[in-house]
Amino acid sequence: MTALDGRIDYDVIAGWVSPGARVLDLGCGDGALLRHLKDSRGASGYGVEIDIERVISCMRNGINVLQIDLEKGLYDFVDQSFDLVIISNALQTLHRTEKLLTEMLRVGREAVVSFPNFAFWKHRMAIMDGHMPVSDRLPYQWYDTPNVRFFTIADFEALCDKLGIEVRERLVLDDAGQPVTDEPNFLGSFALYRLGGGAGGSRG
Amino acid sequence: MANELSIPEDSVGIVSPLCARFDTPLTLKSGAVLPGFELMYETYGELNAARSNAVLVCPALSGHHHAAGVYADAPKNTGWWDNLIGPGKPLDTRKFFVISVNNLGGCHGSTGPMSINPESGKPWGADFPVVTVEDWVAAQSLLADRLGIDCWAAIIGGSLGGMQAMAWTIHLPARVRHALVIASAPKLTAQNIAFNEVARQAIITDPDFHGGHFYEHNTLPRRGLRLARMLGHITYQSDDLMAEKFGRRLREGGRKFSFEVEFEVESYLRYQGDKFAGSFDANTYLLATRALDYFDPAHDAGGDLAAAFAPATADYLLVSFSTDWRFAPSRSREIVDALMRKGRNVSYAEIESSAGHDSFLLDDPHYHAVLRAYFDNITV
């Protein structure tokens, strides 16, 4: 969630955005990612954010932002109305994981999901030491974390498999922001996915 | 500075109402023709050389042209949206040239039921033609022509005012760059119309209404207008706010076992009703509630709100309030969804507020921060 991590994250995502794409960014924070995609890829679209202070920040950043509670789903959004639906470092803060992933691929032709890997070796060591992990990627104490879902790269891919979601691209980063190829679920602290397909709910 | 009048630094200060007279006939949506008309308006700030910084403020049901500042001869008569408009305020008059109007059919100086019908030489009264939101927009556009404003930087309105802002973007898309639609709805529900109908019946069945020609009888349908306003006030506030403001408190002592004013909330409603009945025209109230009932841009587009917005090119800000049950947040979401379907730039904020529909007139910090951020990003 630090600025540096954010930028690495954003460049990877920008690489997956085709020029002029229509993008929906769920949990868009202050709109920095959308701003980046707008400036670097000519993307257009909307951010969705629940926190009013961040909504105001988005408006200051000149980003289209909709103050909507994602826990209530994306029912208002039309099938296949976006090229890309992104949830960047926010899936772990929402309860209805399966519903949201399915909805993302109903509304968008592709989805991008990024999240901190709870099975990163430093996180595992923290547990071995008897404590919940606190790191650059998980910068919260157990009693003040906004995260409500705790999952790993292996867990996420199993869920994609269950939901019939196709992993089209994956990039795993270590805590220095370098790509990890070997043992990603052990050596990687952060994962980014480009997803497609899926059951797609009531796709028309 | 006029410090002797203790006008705050962020006030637009002393203002004067202006009147624009139009002598060309205006054909209304109903087919009726007004031979000519006058519009009252006020302006705050300065129009820039490029004429690109003009903002139109559209009034709600009981609103009028006096939106900001005070009058020299009435220093306590502050404009109805003074907390929004002024130097350094969210709608900053150092950047924008703001125009506020009293609509056609109004009772604050614009041509309306109290004006003289040139054909009869008597006040129009109930014979004043029914006006629609679109008619108001047409009249406002003639005022814009007169003032040399080809394109508004923004049009802002709450409730019925928001409907005017939407109508501008649909019917005169080239003339508005941004629309700020607050606590509004794409059309009234049956419940909304029902409330309006009860208010109208209160007025129409008042024996002093005289079929709308009460001016000739030197009287006012005071009781009807008072009831209409009391009903309106209940719907503009939330249950929570009424509980907070009045609860079940009695005015004095215990129960009197009577039907006099005993509960605080009764006293409040009677005060609001009396104040309104003494200052507002009953025929204007009927017209404005009918304009609300009729507003339905989707109706002309086969019931499809997104299709109704097809001609629009403006960017939009929608704002709703959590406890507004007259025009609930879900009503604003309908507008947001339609605009998204058309790929329009739109932002939406749902402000936590206990004050119900009336929240749009208050200065909640988050609400005003949203408006400030949006206005700050408008280029002029």
Side-chain angles (χ1 to χ4, degrees), chain A residues 20-32 34-35 37-39 42-86 103-104 106-109 204, chain B residues 90-91 154 177-183 186 304-307 309 313-322 324 328-353 359 364-379:
Chain A
R22 262 174 72 75
V23 173
L24 184 65
D25 183 9
L26 307 178
C28 67
D30 65 2
L34 266 178
R35 182 84 244 171
L37 299 178
K38 199 173 167 180
D39 294 343
S44 64
Y46 311 91
V48 173
E49 179 53 61
I50 185 69
D51 180 78
I52 184 65
E53 299 288 353
R54 295 188 202 129
V55 166
I56 293 164
S57 297
C58 284
M59 288 183 184
R60 290 197 185 111
N61 284 332
I63 292 299
N64 291 325
V65 59
L66 311 173
Q67 192 179 11
I68 291 174
D69 183 0
L70 286 173
E71 295 287 12
K72 291 179 182 160
L74 298 176
Y75 61 92
D76 283 332
F77 293 85
V78 180
D79 291 2
Q80 302 290 291
S81 53
F82 290 90
D83 296 312
L84 193 62
V85 181
I86 300 169
E103 283 281 273
M104 286 173 73
R106 173 183 67 79
V107 170
R109 277 181 269 282
Chain B
L91 178 42
R177 291 194 283 130
H178 295 271
L180 293 85
V181 178
I182 300 161
D304 180 352
L305 186 61
F309 279 113
T313 56
D315 295 347
Y316 294 80
L317 172 67
L318 275 287
V319 180
S320 70
F321 298 93
S322 57
D324 183 353
S330 57
R331 309 308 313 285
S332 287
R333 284 285 298 276
E334 290 174 40
I335 301 165
V336 170
D337 292 339
L339 292 168
M340 272 202 304
R341 275 162 214 226
K342 285 290 155 197
R344 301 255 44 88
N345 283 319
V346 51
S347 284
Y348 169 64
E350 189 176 316
I351 306 293
E352 284 293 329
S353 164
S359 301
D364 174 272
H366 285 139
Y367 168 43
H368 269 203
V370 164
L371 294 181
R372 184 184 292 278
Y374 195 86
F375 274 121
D376 282 352
N377 268 334
I378 295 177
T379 52

By a 4.5 Å heavy-atom criterion (distance strictly below it), what part of [X] contacts chain A: side chain, backbone, both, or neither?
X	result
B/N345	both
B/L371	neither
B/L317	side chain
B/R333	side chain
B/V346	both

Residues of residues 20-28 of chain A under 4.5 Å from chain B (heavy atom pairs)?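 Residues A/R22 are the ones that qualify, each having a heavy atom under 4.5 Å from chain B.
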Are any non-hydrogen side-chain atoms of B/H366 and A/I56 less than 4.5 angstrom apart?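 Result yes, sub-4.5 Å side-chain heavy-atom pair found.
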Are A/D76 and B/M340 side-chain neighbours, meaning at least one heavy-atom pair lies under 4.5 Å?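 In short, these two side chains do not touch, never coming nearer than 4.5 Å.
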At a 4.5 Å cut-off on heavy atoms, which part of [X] comes close to chain B: side chain, backbone, both, or neither?
X	answer
A/E53	side chain
A/I52	side chain
A/V78	side chain

A/L66, A/V65, A/N64, A/V48 screened by side chain to side chain contact (heavy atoms under 4.5 Å, CB included) with B/Y348, the one that passes: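 Of the listed options, the one satisfying the test is A/L66.
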Let's test your reading of the structure: which of B/S347, B/S320, B/A349 forms the most heavy-atom pairs below 4.5 Å with chain A?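 Of B/S347, B/S320, B/A349, B/S347 has the most heavy-atom pairs under 4.5 Å with chain A.
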Taking CD in A/E71 as the centre, count heavy atoms belonging to other residues, nucleotides or ligands within less than 6.0 Å. Is the count above 12?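 It does: A/E71 CD has more than 12 such atoms within range.
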A/M59/B/V370 under side-chain contact (heavy atoms from CB on, under 4.5 Å): CA gap, chis, key distance, verdict: CA-CA 7 Å; A/M59 288 183 184; B/V370 164; 3.5 Å; yes
